[in-house]
Amino acid sequence: DTGVSQNPRHKITKRGQNVTFRCDPISEHNRLYWYRQTLGQGPEFLTYFQNEAQLEKSRLLSDRFSAERPKGSFSTLEIQRTEQGDSAMYLCASSPGPTSGRGYEQFFGPGTRLTVL
Amino acid sequence: GENVEQHPSTLSVQEGDSAVIKCTYSDSASNYFPWYKQELGKGPQLIIDIRSNVGEKKDQRIAVTLNKTAKHFSLHITETQPEDSAVYFCAATRGGSYIPTFGRGTSLIVHP
């Protein structure tokens with residue numbers, strides 16, 4: 001399967017705990033995006049990387065959230081001191097990048113559903 | 001920033017009927033408009049997109065139209081099938097940004 005993969009698919013944690021999610025993009029894609037989706041809403045942008053560089057962060061990304069893409073391949077999203085309001089689906093997407101002619105197209109993974117008790 | 005409104009929030013049709021979902025956007029600099037289909041427990045899947053230099057695009061049973069002057073775009077699905085049942089999202093992307101703003105989604109239900 002050459003699509004975007006995310007792990008774990010589901011995570012249940014207690015308030016105050018730290019959690020980390022992983023995203024593996026499509027191999028030739030150099031851009032990687034993180035989104036959050038709550039029930040009845042469209043995905044909301046959190047941050048994105050071009051290769052290993054984090055180019056933009058949303059105001060939604062509080063200081064409890066951190067994302068990395070150390071080798072320009074997979075990415076991790078960590079949430080520290082989780083709160084009940086962090087419960088959501090966390091989606092990862094990748095795209096070929098601006099020089100490909102298809103840089104606007106994003107391909108999403110299946111998401112990680114986080115439940116904070 | 002960009003604001004995307006999507007209507008209706010729920011759409012129920014009989015198999016074989018057509019379905020139309022409409023979106024409006026606020027930023028005149030937006031130039032890329034994708035549509036995504038999201039099935040239960042899955043991530044959004046890109047089904048069709050349109051750029052601002054084109055007024056209409058068709059791919060088999062689905063088509064998208066864009067009216068730049070009015071800043072609205074629509075998804076048309078003809079000959080609907082039960083497997084078309086899903087949540088559909090429109091989005092608008094500002095030129096050079098590569099970050100889409102999504103609508104709130106339309107839950108399409110196709111009754112056999």
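Remember, predicted model here, so these are calculated numbers, not experimental data. Throughout, a chain's letter reflects where its sequence line sits, starting with A, and its residues are numbered from 1.
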Inspect the surroundings of [atom1] in [X] and state if more than 12 heavy atoms from other residues, nucleotides or ligands are less than 6.0 Å away.
X	atom1	value
B/Leu40	CG	no
A/Glu68	CD	no
A/Leu55	CG	yes
B/Glu15	CD	yes
B/Gln14	CD	yes
A/Arg64	CZ	yes

Measure distances from [X] to the heavy atoms of chain B and classify the residue's part below 4.5 Å as side chain, backbone, both or neither.
X	result
A/Arg9	side chain
A/Gln106	both
A/Glu105	both
A/Tyr104	both

Hey, does the side chain of B/Tyr98 reach the backbone of A/Ser95 with a donor-acceptor pair shorter than 3.5 angstrom?
no

For residues A/Tyr35 and B/Pro44, determine if any side-chain heavy atom of one lies less than 4.5 Å from a side-chain heavy atom of the other.
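Result no, sub-4.5 Å side-chain heavy-atom pair not found.
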
Under 4.5 Å to a heavy atom of chain A? For B/Gln6 that would be neither

Is B/Pro34 close to chain A through its backbone or its side chain, or both, or neither, when contacts mean heavy atoms under 4.5 Å?
neither

Answer yes if [X] and [Y] sit in the same cluster of Ile, Leu, Val, Met, Phe, Trp and Tyr residues linked by side chain heavy atoms under 4.5 Å apart, and no otherwise.
X	Y	value
B/Leu11	B/Ile48	yes
A/Phe45	A/Tyr90	no
B/Ile47	A/Ile26	no

Test side-chain contact (heavy atoms from CB on, under 4.5 Å) applied to B/Tyr36 and A/Phe108, step by step:
CA-CA 10 Å; B/Tyr36 288 87; A/Phe108 283 83; 3.6 Å; yes

Within this structure, what is the CE-NZ distance for the pair A/Met89 and B/Lys42, rounded to the nearest 0.5 Å?
12.0 Å

When every non-hydrogen atom of A/Leu91 is compared with those of B/Gly43, the smallest separation belongs to CD2-CA, 4.1 Å

For a quick test of reading the model, state the closest non-hydrogen atom pair linking B/Ser97 to A/Tyr48 and the distance between them.
O-OH, 4.4 Å

Evaluate the criterion side-chain contact (heavy atoms from CB on, under 4.5 Å) for residue pair B/Phe89 and A/Gln41; output intermediate values, then yes/no.
CA-CA 9 Å; B/Phe89 292 96; A/Gln41 302 288 330; over 6 Å; no

Looking only at heavy atoms and a cut-off of under 4.5 Å, which of A/Ala93, A/Gly40, A/Pro43 has the most pairs with chain B?
A/Pro43

